[in-house]
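Working notes for the structure below.
Side chains are part of it too, since the values below use all heavy atoms of this structure and drop only hydrogens, waters and symmetry mates. Order of listing sets the numbers, starting from 1, for every ligand and every atom in it.
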Amino acid sequence: MKIKHLKNLFKIYTDVILDNAKPTWAKSPIPNSGYKRIATEEAFATPALIAESKSIIESGHAEPGFAKMGKFVFGNSLPAKILDSKLLDLGEGRIKQMDADGIDFALLSLTSPGVQIFEASKAIGIATEANDILMEAVNNFPNRFGGLAAIAPQAPIEAANEIARAKNLGLKGIIINSHTNGEYLDLPKFAPILEASQDLNMPIYLHPREPSSSWVTPYLDYGLYFATWGFAAEAALHAMRLIMSGTLDRFPKLRIVLGHMGEGIPFWLGRIDNRYKGQVVIGASQVLELLPSEYFRRNFVITTSGVTDYEPLRLSIDTLGVERIQFAADYPYENAGAGVQALENANISDQERMSIFETNARNYWGLSFD
Ligand code: MN
C-alpha cells in the first residue's frame, strides 16, 4: 500500500512538476492552423505583487484560504520559484513558450488573488503599477499581447477611475478575483465599479480564488480551498450572487467572463431555473425580470481555461451556443500546449473550433492584432 502510494506520488511529481519545469518548446511543436489561437486567461505578476503577497503570508495575518494557497504560489519551494519566474516574464521567454504551445495571442491579467488581499492604498498603488507594466508589454508586442486591468475593489471610486484610465491606455477589460475581504460585487458599495465596467464597455473577467473567510472552514481540509474544487465553488457563488440579487436588472449591459468552462454553472442551468421558479412561489427568492439562465446567456460568456475534457465542452456548446465560449490556457498554471491540443482534437466542427479559438475573443474584446 505504502509503496503504491509512493509510486503514485512519484508519477504525479514527474508528470506535473518536472513537466512544467521543462520548457515546452523542448517538446513536440504544435502545427499552425488556418486561424489565430487567442488565449484569454493568462496570468502574470509584478515584483511588487509577489513581494507584498509573500510579506502578508509571512506576517501570519493572511486570510485562512490565502494563507494556505499563497505559500504554494508565492513560497520558497522550487515549484513556486519556477512559477514566479514564468509569471514575471512579459518578454521573449513567454513569447517563445506561446510559439511552442501554438498560441498566437495572450490576453494577460494579474494573477489571483491580485491586489485584493492588501489594504486599500497599497492595493491601488500595486494595481496601477501593474497596469502600466502590462501596457508596456502590450506596446512591446502588440500582435502577441493584450491585457485586462487590475483594480482594487476595496476602493470602489478609485477602482472606477482606474477602469477609465485603463480603457484610455488600451487595456480591454478588467480582472476581479472573486471576493474582496469576503464581500461580493452585488453589494451596493461596488456599484461604481459595475457602472464603469458597463458604461465604458470594459468586461469583468470574474476569476476564482479561495473561498472567503465566512465559508472557507470546510474547504481548508484536503486541499479543497484550491483549484480542485474551492476555486470553482467560490467563483460560481459570486456569479450566482450577481444573478440572484437582481444586480443584472440594474446593470443589464454588464459583460462578465467566467473561466473553467463556466465554473460548473452550464451544467446546473436547467435546475437553477426550475428551483428559482419554485422558490419565487414560496417567497424564498426575489422576483427577477428574467430567468437565471437568461441572465447567464445574456450577460456571461465562458472560457475553457484548464478544462480539457470533451464532455463539458459539448455540454457548454449545446447549453450556451458556441459563440459564448472562448479559448483560454490558464498559463502558467496549466500546460497551455495540452489545452491547445485538447481543443484541436475535440470532436467539434472546424467552424466551431475557429469560433472558440479566434472569432469569439476578437469580437468580444475588440482585438485587432494581425
Ligand atoms: Mn487562471
Return the minimal non-hydrogen interatomic distance between Phe118 and Gln154, and the atom names on each side. O-NE2, 2.8 Å
Ring-face cation of Arg362 near Phe105 (centre distance under 6.0 Å, axis angle within 45°): no
How close do Leu290 and Tyr276 get, counting heavy atoms only, and between which atoms? O-OH, 4.2 Å
Taken by chain and residue number, the protein N/O/S atoms under 2.8 Å from the Mn ion (ligand 1) read Glu41 OE2, His207 NE2, Asp330 OD1
Acceptor/donor pairs from residues 188-197 side chains to any protein atom, 3.5 angstrom cut, sequence neighbours excluded:
from, atom 1, to, atom 2, distance (Å)
Lys189, NZ, Glu183, OE1, 2.6
Ser197, OG, Met202, O, 2.7

Side-chain donor/acceptor pairs under 3.5 Å, residues 301-309, sequence neighbours excluded:
from, atom 1, to, atom 2, distance (Å)
Thr303, OG1, Tyr205, OH, 2.7
Thr303, OG1, Ser305, OG, 3.4
Thr304, OG1, Ala328, N, 3.1
Thr304, OG1, Ala328, O, 3.3
Ser305, OG, Glu41, OE1, 2.7
Ser305, OG, His260, N, 2.7

According to the side-chain hydrogen bond (donor to acceptor under 3.5 Å, both in side chains) rule, which pairs have a member within residues 68-83, sequence neighbours left out? none
